[in-house]
Protein chains: 2
Amino acid sequence: MKSLLKSLEILEAVAEHQPVSVGELAKRLSLPKSTVQRVLLTFHEAGWLRQRRGDMTRWEVGARILGVRPPELNGGRLYAAAREPMRELRDATNETVHLSIPDGLNSVVLIDRADCQQNVRTFSPLGDAAPFHATANGMAIMAWLSDQEIDDIIARGLPAFTEQTITRPDRLREELAAIRQRGYSLNMSNYRPAICAIGAAIMDADNRPVGSLCISMPQSRYDPARLSQWGQQVVEAARRISLMQPADPI
Amino acid sequence: MKSLLKSLEILEAVAEHQPVSVGELAKRLSLPKSTVQRVLLTFHEAGWLRQRRGDMTRWEVGARILGVRPPELNGGRLYAAAREPMRELRDATNETVHLSIPDGLNSVVLIDRADCQQNVRTFSPLGDAAPFHATANGMAIMAWLSDQEIDDIIARGLPAFTEQTITRPDRLREELAAIRQRGYSLNMSNYRPAICAIGAAIMDADNRPVGSLCISMPQSRYDPARLSQWGQQVVEAARRISLMQPADPI
DNA sequence: TCACGTCGTGCCATATTATGGAACGCCATG
DNA sequence: CATGGCGTTCCATAATATGGCACGACGTGA
């Protein structure tokens, strides 16, 4: 369905550049103006896009989309449960804390953030997708997946993002075993240069990983002497959130 | 674009019933199986839907959609700013607190909730859309819109939901004036029977309403003697959140 | 063991539908 | 007053979504 794929591209472009005009979108996506406009009007008809207040020529994403969420977020239980522990972890470390969930076996997506107060801090936009094998949040989740699911992720390839990215399957499996043993995962600039993170998985009542938490910091502030303490704090925060997660309904 | 409208209906149906199978969707929407499957595969290709872990025949919403959000939520500043005040308001009143944002001039949408601990409590699912003229959150926002925008909403009709719904335009304008004067809005079973609420608008740095907060309670616990105090508390909580809202970029 | 019903999947001729170039009206600018 | 850029509309045409049908897999009950 080419038209649907094209429409979703347009929707995502609106989300990224809102509020945005027809012409701008057409240029950006190299599509005819009339095609773009037809799609915008159709999304509008469905309630997914709206015109900006006071400016009928600029489009933005409507609130209807907020009713369409992955099942992990239904009832907002993960958000709600993570809120307080994330704040406390942020305050205890004075570093930014990230909350992510897996998107199937494709990637991990950042869904919430507790920002620290430092002048130099890491930043990732909410909704950002990142690979399992190169991030603290990704590896923390991956460590608790079944062997078959791990094989599946590895089979999709382990691209390198920095010199530190783990790209060899056997090396990755070793690292996952280490994570299972110590409880927390470690990202030493494996994904983005000069960004380190310490992560731990959040489990549901069936002991399946449904998300993860990490402390994200500039490499300049990474202190090996504190690793063990911070690792335990992340694990403890994740455990508290895990206790509030329901079982997965079939 | 019929095909796009149909596809969005299917996507929304998946969100509502996830995890869901092809056949179930086809029955529910009265569409041919092959059509539904083609749409599911296309959404999958675009990363918007995924198969449930361990069950290739059940579909659910993927995390990619989390990157597509209304502009009010960009950076999560409203969520983040509202978090603490909402909790405090909930604790102070022991009632559920709702956070909503306007969807253009169409409706207000519930985006967050701080649940109270009572055995009897109100419940609305996140993402729920409600009319401006019949809810505390809606009227709180509406009160601070321009005259033209208010006219616009009224022109779309003021349907009745209960005996108490305000359906006469002049009566609604009076109520909005009263809200502007006292600072908080009031819903006395105007929308859902036996549910009351006290609301106040959240303003951005340009003094435009970008959302609203309300205390939502069963009518049985509504106490006129406390109205003034709770009203002031909602207004104060909304004001604290407002101070953290950025100006609206053109 | 076999027959049956159910489900997900793949195919393909057909008709519906999306396409995009062109033209129009509007507005701000020089 | 001319110009360029914008959003919008139209329509013949080609591209594409459609959906009935059939196949294979699976689970069930006779």
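So that the names make sense, note that chain A is the first sequence line, chain B the second, and so on, each numbered from 1. Heavy atoms only: backbone and side chains are in, while hydrogens, waters and symmetry mates are out.
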(request) Please determine if B/Arg64 and A/Asp103 form a salt bridge, counting it only when a charged side-chain N lies under 4.0 Å from a carboxylate O. (result) no

(message) With no hydrogens and no angle check, just 3.5 Å: does a side-chain donor-acceptor pair link B/Arg156 and B/Asn106?
(response) yes

(message) Salt bridge or not between A/Arg208 and A/Asp206? Use side-chain N to carboxylate O under 4.0 Å.
(response) no

(message) Give me the atom names and distance for the closest heavy-atom approach of A/Arg69 to B/Ala15.
(response) N-CB, 4.5 Å

(request) Send over the distance from A/Arg28 CZ to D/dC6 P, rounded to a whole Å. (result) 13 Å

(request) Select from A/Trp59 and A/Lys2 the residue whose nearest nucleotide in DNA chain D is closer to the 5' end of that strand. (result) A/Trp59

(message) By the 4.0 Å heavy-atom rule, please label B/Ser34 as base, sugar-phosphate, or nothing.
(response) base

(request) Report the distance from atom NZ of B/Lys33 to atom P of D/dC21, rounded to the nearest whole Å. (result) 13 Å

(message) To check you understand the geometry: which heavy-atom pair defines the closest contact between B/Leu99 and B/Ile202, and what is its length?
(response) CD1-CD1, 3.6 Å

(message) I need the minimum non-hydrogen distance between A/Gln51 and A/Asp55, along with the two atoms involved.
(response) CB-O, 4.1 Å

(request) Please report, rounded to the nearest Å, how far the C1' atom of D/dC26 is from the CE atom of B/Met56. (result) 16 Å

Which side-chain N or O atoms in residues 41-49 of chain B pair as donor and acceptor under 3.5 Å with protein atoms at least two apart or in another chain?
unit_1  : atom_1 : unit_2  : atom_2 : d
B/Thr42 : OG1    : B/Arg38 : O      : 2.7
B/His44 : ND1    : B/Leu49 : O      : 3.0
B/Trp48 : NE1    : A/Glu12 : OE2    : 2.7

(message) Can you list, in residue-number order, the parts of residues 35-50 of chain A that come under 4.0 Å of DNA chain C, counting heavy atoms only?
(response) A/Thr35, A/Arg38

(message) What is the separation between atom CE on A/Met1 and atom P on D/dG19, rounded to the nearest whole Å?
(response) 11 Å

(request) Tell me, please, the opening and closing nucleotides of DNA chain C, 5' to 3', among those with an atom under 4.0 angstrom from a non-hydrogen atom of chain B. (result) C/dC7 to C/dT19

(message) Output the rounded distance in Å from CG (B/Leu4) to P (D/dT16).
(response) 16 Å

(message) Restricting to non-hydrogen atoms, name the atom on B/Glu60 and the atom on B/Pro19 that form the minimum distance, rounded to 0.1 Å.
(response) OE1-CB, 4.1 Å

